[in-house]
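Below, each value reflects all heavy atoms present in this structure, side chains not excepted, and no hydrogens, waters or symmetry copies. It should be emphasised that the depicted structure is a prediction, and the values quoted were computed from it without experimental measurement. Along the sequence shown, the residues carry numbers beginning at 1.
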Amino acid sequence: MLKITIHTTDSGTRIGLEGRLAGPWLTELNRCWQDLKARRSPPFVVDLTGVTFIDGQGKALLAGMWRERAELHATGCCTKSIVEEITKSGSDLRAEPGGDQGHGV
């Protein structure tokens, strides 16, 4: 199960995630992400504090969100490790502000 909480303020949008980033929940997260990008302006912060598991496809979705200028916030050692892997290995792939944002994962 995955709980997605969206909190929008004048200074940006925070996407709180709790549970598992795996399986059918990824489709829902991707739908929410695409909708937010269409309706809101950055900055976007993806709060992974409550995430208990991330599978390969979940990691790919987070990498796509990061490339599209979302900040990934993690606190647990495993989640932090995944975020570091995404941000270090893909730093040359990150979309420039105002540039081609791609279509996500």
Side-chain angles (χ1 to χ4, degrees):
M1 178 172 245
L2 179 67
K3 179 180 178 182
I4 303 170
T5 306
I6 309 296
H7 182 71
T8 302
T9 65
D10 291 338
S11 61
T13 302
R14 184 173 206 79
I15 306 162
L17 303 177
E18 297 176 54
R20 297 172 56 87
L21 284 178
W25 307 113
L26 297 174
T27 302
E28 182 62 16
L29 176 56
N30 188 49
R31 186 195 61 75
C32 286
W33 172 242
Q34 298 304 323
D35 185 53
L36 277 173
K37 287 190 315 177
R39 293 185 302 119
R40 305 282 182 208
S41 297
F44 299 105
V45 175
V46 181
D47 185 353
L48 303 167
T49 303
V51 171
T52 58
F53 178 78
I54 303 172
D55 72 2
Q57 291 178 328
K59 181 179 171 185
L61 178 55
L62 289 175
M65 294 169 80
W66 180 80
R67 282 190 305 272
E68 294 175 325
R69 310 305 292 173
E71 176 187 334
L72 304 178
H73 173 75
T75 56
C77 61
C78 291
T79 308
K80 271 186 171 180
S81 175
I82 290 170
V83 168
E84 286 175 8
E85 189 176 330
I86 289 168
T87 58
K88 287 183 181 181
S89 68
S91 60
D92 57 329
L93 301 174
R94 192 148 194 189
E96 292 298 321
D100 181 14
Q101 299 296 308
H103 298 289
V105 177

| said: Minimum heavy-atom separation for Thr9 and His7, please, with both atom names. | reply: CG2-NE2, 3.5 Å
| note | Nearest heavy-atom approach of Val83 to Ala74 is CG2-CB, 3.9 Å
| message | Between Phe53 and Val46, is there shared hydrophobic-cluster membership here, with clusters defined by ILVMFWY side-chain heavy atoms closer than 4.5 Å? | response | no
| Partners of Thr27 by side-chain contact (heavy atoms from CB on, under 4.5 Å), sequence neighbours excluded? | none
| query | Should Met1 and Leu21 be regarded as members of a common hydrophobic cluster, given that ILVMFWY residues are connected when their side-chain heavy atoms come within less than 4.5 Å of each other, either directly or indirectly? | reply | yes
| Of the non-hydrogen atoms in Ile86 and Lys59, which two are nearest, and what is the gap between them? | CD1-O, 3.8 Å
| query | If you round to the nearest 0.5 Å, how far is CG of Leu62 from CG of Leu17? | reply | 7.5 Å
| query | Where is the tightest heavy-atom contact between Gly58 and Leu26, given as atom of each residue plus distance? | reply | N-CD1, 3.5 Å
| task | Provide the closest heavy-atom pair for Ser11 versus Pro43 in the form atom of the first, atom of the second, distance. | result | O-CG, 3.2 Å
| query | At what distance, to the nearest 0.5 angstrom, does NE2 of His73 lie from CG of Asp47? | reply | 5.0 Å
| Glu68 side chain reached by Trp33 side chain, heavy atoms, under 4.5 Å | yes
| task | State, yes or no, whether a side-chain contact exists between Leu48 and Ile82 at a heavy-atom distance under 4.5 Å. | result | no
| request: Report the distance from atom CZ of Arg31 to atom CD1 of Ile4, rounding to the nearest 0.5 Å. | output: 7.5 Å
| task | Nearest 0.5 Å please: distance from the CG atom of Leu36 over to the CE atom of Met65. | result | 8.0 Å
| What is the distance from atom CD of Glu71 to atom OG1 of Thr87, rounded to the nearest 0.5 Å? | 10.5 Å
| Closest heavy-atom pair and its distance - Thr79, Val51 | OG1-O, 4.1 Å
| What's the spacing between Ser41 OG and Arg69 CZ if we round to 0.5 Å? | 14.0 Å
| said: Using the rule given for side chain to side chain contact (heavy atoms under 4.5 Å, CB included), can you reason through Arg20 versus Leu2, listing the C-alpha separation, both sets of side-chain angles and the distance that settles it, and then say yes or no? | reply: CA-CA 5 Å; Arg20 297 172 56 87; Leu2 179 67; 5.9 Å; no
